[in-house]
2 protein chains.
Amino acid sequence: MVRTKIQNELYPDCPIRNILARISDKWSILVLFTLNQSALMRFNTLQKNIPDISQKMLTVTLRTLEEDGFVKRKVYAEVPPRVEYSLTERAISLLPHINDLITWAKNNMDAILTDRIQNKQKS
Amino acid sequence: MVRTKIQNELYPDCPIRNILARISDKWSILVLFTLNQSALMRFNTLQKNIPDISQKMLTVTLRTLEEDGFVKRKVYAEVPPRVEYSLTERAISLLPHINDLITWAKNNMDAILTDRIQNKQKS
DNA sequence: CAGGATCCTATGGGATACTG
DNA sequence: CAGTATCCCATAGGATCCTG
């Protein structure tokens with residue numbers, strides 16, 4: 001994924017290249033899924049729920065999701081600062097499809113992992 | 001995505017990290033979608049349908065999809081060689097969910113692209 | 001607390017040349 | 001035709017340090 005690129009030059013109308021490719025990275029789906037677990041979530045809480053994400057990547061991923069209108073970021077003028085992240089309506093309308101994917105992945109995981117090792121041996 | 005990694009060490013049971021992250025790359029979804037357009041497809045035809053993919057990445061993507069049991073590869077003992085790619089039952093069971101994603105992306109693309117540029121300006 | 005700024009490395013991915 | 005093999009570069013992403 002090329003985050004700096006706003007739109008694919010050759011295929012500006014392709015929904016896969018322009019929209020889906022943008023959340024096809026290591027963390028976006030996981031962040032959306034995690035945010036979906038509660039209405040509001042602070043930065044630290046989010047990071048606690050995804051322990052293997054780095055601070056930088058959590059920030060970068062949230063910013064990109066925010067750019068595309070999937071995530072709302074609310075900053076409170078307090079000290080120490082409080083920032084609450086939540087899903088937008090757009091994300092909420094997407095999430096059922098994400099959840100379907102996750103359910104599918106859960107149901108097929110064992111078989112895929114078995115095949116993966118098997119097929120890896122052969123090559 | 002780390003293609004060499006067979007399974008996530010910290011979260012071996014996470015379907016997102018282990019299954020979905022694997023097809024969360026630049027080309028997998030597009031290749032699955034394209035293969036779904038006809039029952040069988042040869043390497044060259046596939047590449048003609050995805051003109052902006054490099055030969056290397058088409059090969060790599062197909063191999064990974066094959067490892068995970070999404071793609072079947074049939075080689076004919078002919079000269080010049082003929083290789084036909086097709087979706088497996090597993091891929092066929094996944095594809096409705098992929099298509100739902102694509103439809104969603106198509107319906108929301110304009111609004112997202114608008115937001116993306118807008119939000120990019122602000123930052 | 002919620003990050004920004006840097007530095008660094010691994011690797012995703014393209015371009016080109018070659019082959020059974 | 002359907003790839004392999006190389007070389008190379010951009011960038012995704014981690015680690016660490018710093019700050020309002």
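For the numbers below, each heavy atom of this structure counts, side chains included, while hydrogens, waters and symmetry mates do not. All chains are named by letter (A, B, ...) in the order of the sequence lines, taking the proteins before the strands, and each is independently numbered beginning at 1.
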Would you say a side-chain N or O of [X] is under 4.0 Å from OP1 or OP2 of [N]?
{"X": "A:R42", "N": "C:dA2", "result": "yes"}
{"X": "A:R73", "N": "C:dA2", "result": "no"}
{"X": "A:R63", "N": "C:dG4", "result": "yes"}

What is the distance, rounded to the nearest whole Å, between atom [atom1] of [X] and atom [atom2] of [N]?
{"X": "A:L58", "N": "D:dA15", "atom1": "CG", "atom2": "P", "answer": "14 Å"}
{"X": "A:D25", "N": "D:dT11", "atom1": "CG", "atom2": "C1'", "answer": "13 Å"}
{"X": "A:N49", "N": "C:dA2", "atom1": "CG", "atom2": "P", "answer": "13 Å"}
{"X": "A:Q47", "N": "C:dC1", "atom1": "CD", "atom2": "C1'", "answer": "11 Å"}
{"X": "B:R17", "N": "D:dG13", "atom1": "CZ", "atom2": "P", "answer": "14 Å"}
{"X": "B:E84", "N": "D:dA2", "atom1": "CD", "atom2": "P", "answer": "9 Å"}
{"X": "A:R22", "N": "D:dA12", "atom1": "CZ", "atom2": "C1'", "answer": "14 Å"}
{"X": "A:L62", "N": "D:dG13", "atom1": "CG", "atom2": "C1'", "answer": "15 Å"}

Residues in side chain to side chain contact (heavy atoms under 4.5 Å, CB included) contact with B:T103, at least two apart in sequence or another chain: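 Side chain to side chain contact (heavy atoms under 4.5 Å, CB included) check on B:T103 returns B:N107.
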Partner set under side chain to side chain contact (heavy atoms under 4.5 Å, CB included) for A:T59, not counting sequence neighbours: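 A:T59 satisfies side chain to side chain contact (heavy atoms under 4.5 Å, CB included) with A:F43, A:R63 only.
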Acceptor/donor pairs from residues 87-98 of chain A side chains to any protein atom, 3.5 angstrom cut, sequence neighbours excluded:
residue, atom, partner, partner atom, Å
A:T88, OG1, A:G69, O, 2.6
A:T88, OG1, A:F70, O, 3.3
A:T88, OG1, A:R90, N, 3.4
A:T88, OG1, A:A91, N, 3.2
A:R90, NH1, A:D68, O, 2.8
A:R90, NH1, B:D115, OD2, 3.0
A:R90, NH2, B:D115, OD2, 3.2
A:S93, OG, A:R90, O, 2.9
A:S93, OG, B:W104, NE1, 2.9

Degree of bending, the helix from C:dC1-D:dG20 to C:dG20-D:dC1 (end axes from five pairs; round to 10°):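 Axis angle across the helix from C:dC1-D:dG20 to C:dG20-D:dC1, nearest 10°: 60°.
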Any side-chain heavy atom of B:W27 sitting closer than 4.5 Å to one from B:I50?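 B:W27 vs B:I50: side chains touch.
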Does the side chain of B:E67 come within less than 4.5 Å of A:K120's, by heavy atoms?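 A side-chain contact exists here, since the closest heavy-atom pair is under 4.5 Å.
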Under a 4.0 Å heavy-atom criterion, the protein footprint on nucleotides 14-20 of chain C, written with B, S and -, is BB-B--B
Over all strands shown, is A:Y85 touching base, sugar-phosphate only, or nothing at heavy-atom distances under 4.0 angstrom?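 The answer is sugar-phosphate, as A:Y85 gets under 4.0 Å only of primed atoms, P, OP1 or OP2.
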As an exercise, state the distance from CG of A:L65 to CG of A:L32, rounded to the nearest 0.5 Å.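 Taking CG in A:L65 and CG in A:L32, the distance rounds to 5.0 Å.
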Nearest of C:dA2, D:dT4, D:dA2 to any side-chain atom of A:V83?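 The closest nucleotide is C:dA2.
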Check: A:Y85/A:R73 side-chain N/O donor and acceptor closer than 3.5 Å: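 The answer is yes; a qualifying pair exists.
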Can you tell whether the side chains of B:K72 and B:E66 come within less than 4.0 Å, N to carboxylate O?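 Judged by the 4.0 Å cut-off on N to carboxylate O distance, B:K72 and B:E66 do not form a salt bridge.
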Suppose we screen for side-chain hydrogen bond (donor to acceptor under 3.5 Å, both in side chains). Which residues come up paired with B:R82, at least two apart in sequence or across chains?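 With neighbours one apart ignored, the set is B:E78, B:E84.
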